[in-house]
Amino acid sequence: QVQLVESGGGLVQAGGSLRLSCAASGRTFSSYTMGWFRQAPGKEREFVAARSWGGRNTYYADSVKGRFTISRDNAKNTVYLQMSSLKPEDTAVYHCAIQSRSYSVPVTPDDPDEYDLWGQGTQVTVSS
């Protein structure tokens, strides 16, 4: 059974950093594009970042570009989201997701429909 488990969330002051992790099991991790999304209370789910299965292609939302970095360790079946210069507006539940098709570069990596499995999420709270 495929499973994604996020960790690393917490409370941090504005300007601080956090690193989120997402451990995958039950699927050949290295063959799939991985993404991070977030959802704040009362708002729609928002794309954050994605990294293609081969690691060659990375994608970022404009709101996090230059501050967040997505990486992956295929040997550990884990994708990371390094977040720096955090702002209060980054407060949200962060979810990782795995693309539904293997060996595929997503046409629209910011589209949730590209992904077929989601983790339960980890809370990130940035205080001002």
Side-chain angles (χ1 to χ4, degrees):
Q1 185 174 353
V2 183
Q3 190 174 15
L4 301 175
V5 179
E6 302 97 334
S7 61
L11 174 64
V12 62
Q13 287 188 334
S17 299
L18 280 175
R19 188 177 81 155
L20 306 183
S21 300
C22 172
S25 61
R27 190 177 286 185
T28 307
F29 177 82
S30 59
S31 305
Y32 293 84
T33 291
M34 299 295 297
W36 284 98
F37 289 74
R38 66 187 182 186
Q39 188 165 20
K43 295 187 176 181
E44 292 187 356
R45 184 168 45 188
E46 175 189 25
F47 170 75
V48 177
R51 189 157 189 136
S52 63
W53 64 272
R56 185 174 301 177
N57 300 299
T58 55
Y59 313 88
Y60 294 98
D62 288 343
S63 59
V64 306
K65 205 170 290 184
R67 299 188 298 122
F68 291 10
T69 302
I70 185 171
S71 62
R72 60 190 297 163
D73 186 338
N74 288 338
K76 295 182 178 180
N77 286 1
T78 301
V79 62
Y80 303 97
L81 186 68
Q82 178 67 49
M83 306 185 296
S84 303
S85 302
L86 283 162
K87 305 175 182 179
E89 51 263 45
D90 294 318
T91 295
V93 176
Y94 284 71
H95 299 268
C96 67
I98 188 167
Q99 193 185 10
S100 56
R101 294 165 292 149
S102 61
Y103 300 108
S104 174
V105 176
V107 176
T108 50
D110 59 343
D111 184 355
D113 290 339
E114 288 271 10
Y115 307 86
D116 68 342
L117 185 69
W118 299 77
Q120 83 289 348
T122 185
Q123 176 70 47
V124 172
T125 303
V126 184
S127 63
S128 57

Quick one: ring pair (Phe, Tyr, Trp, His ring centres under 6.0 Å) partners of Trp53, sequence neighbours excluded? Tyr103

Partners of Tyr59 by ring pair (Phe, Tyr, Trp, His ring centres under 6.0 Å), sequence neighbours excluded? none

Please list, chain by chain and in numerical order, all residues satisfying salt bridge (charged side-chain N to carboxylate O under 4.0 Å, His left out) with Lys65, sequence neighbours excluded. Asp62

Checking Arg101 now: which residues fulfil salt bridge (charged side-chain N to carboxylate O under 4.0 Å, His left out) with it, not counting sequence neighbours? Glu114

Tell me, please, which residues at least two apart from Thr125 pass side chain to side chain donor-acceptor pair (under 3.5 Å). Gln123

Mind checking side chain to side chain donor-acceptor pair (under 3.5 Å) for Arg72 and listing every partner two or more places apart, or none if nothing turns up? Asn74

What ring pair (Phe, Tyr, Trp, His ring centres under 6.0 Å) pairs are there with at least one residue in residues 5-41, not counting sequence neighbours? Phe37-Phe47, Phe37-Tyr115, Phe37-Trp118

ILVMFWY cluster membership beyond Val107 - transitive side-chain contacts under 4.5 angstrom: none

Please collect all disulfide (SG to SG under 2.5 Å) contacts where either partner lies in residues 3-108, sequence neighbours excluded, each pair once. Cys22-Cys96

Please collect all side chain to side chain donor-acceptor pair (under 3.5 Å) contacts where either partner lies in residues 8-25, sequence neighbours excluded, each pair once. none

Got a sec, which pairs hit salt bridge (Lys or Arg N to Asp or Glu O under 4.0 Å) with one end in residues 116-128, sequence neighbours left out? Arg27-Asp116

side-chain hydrogen bond (donor to acceptor under 3.5 Å, both in side chains) assessment of Gln82 paired with Thr69: CA-CA 5 Å; Gln82 178 67 49; Thr69 302; over 6 Å; no

Counterpart residues, side chain to side chain contact (heavy atoms under 4.5 Å, CB included), relative to Asp90 (two or more places apart): Arg38, Arg67, Phe68, Leu86, Lys87, Tyr94, Val126

For the hydrophobic clusters of this structure (ILVMFWY residues joined by side-chain heavy atoms under 4.5 Å, transitively), does one cluster hold both Ile70 and Val64? yes

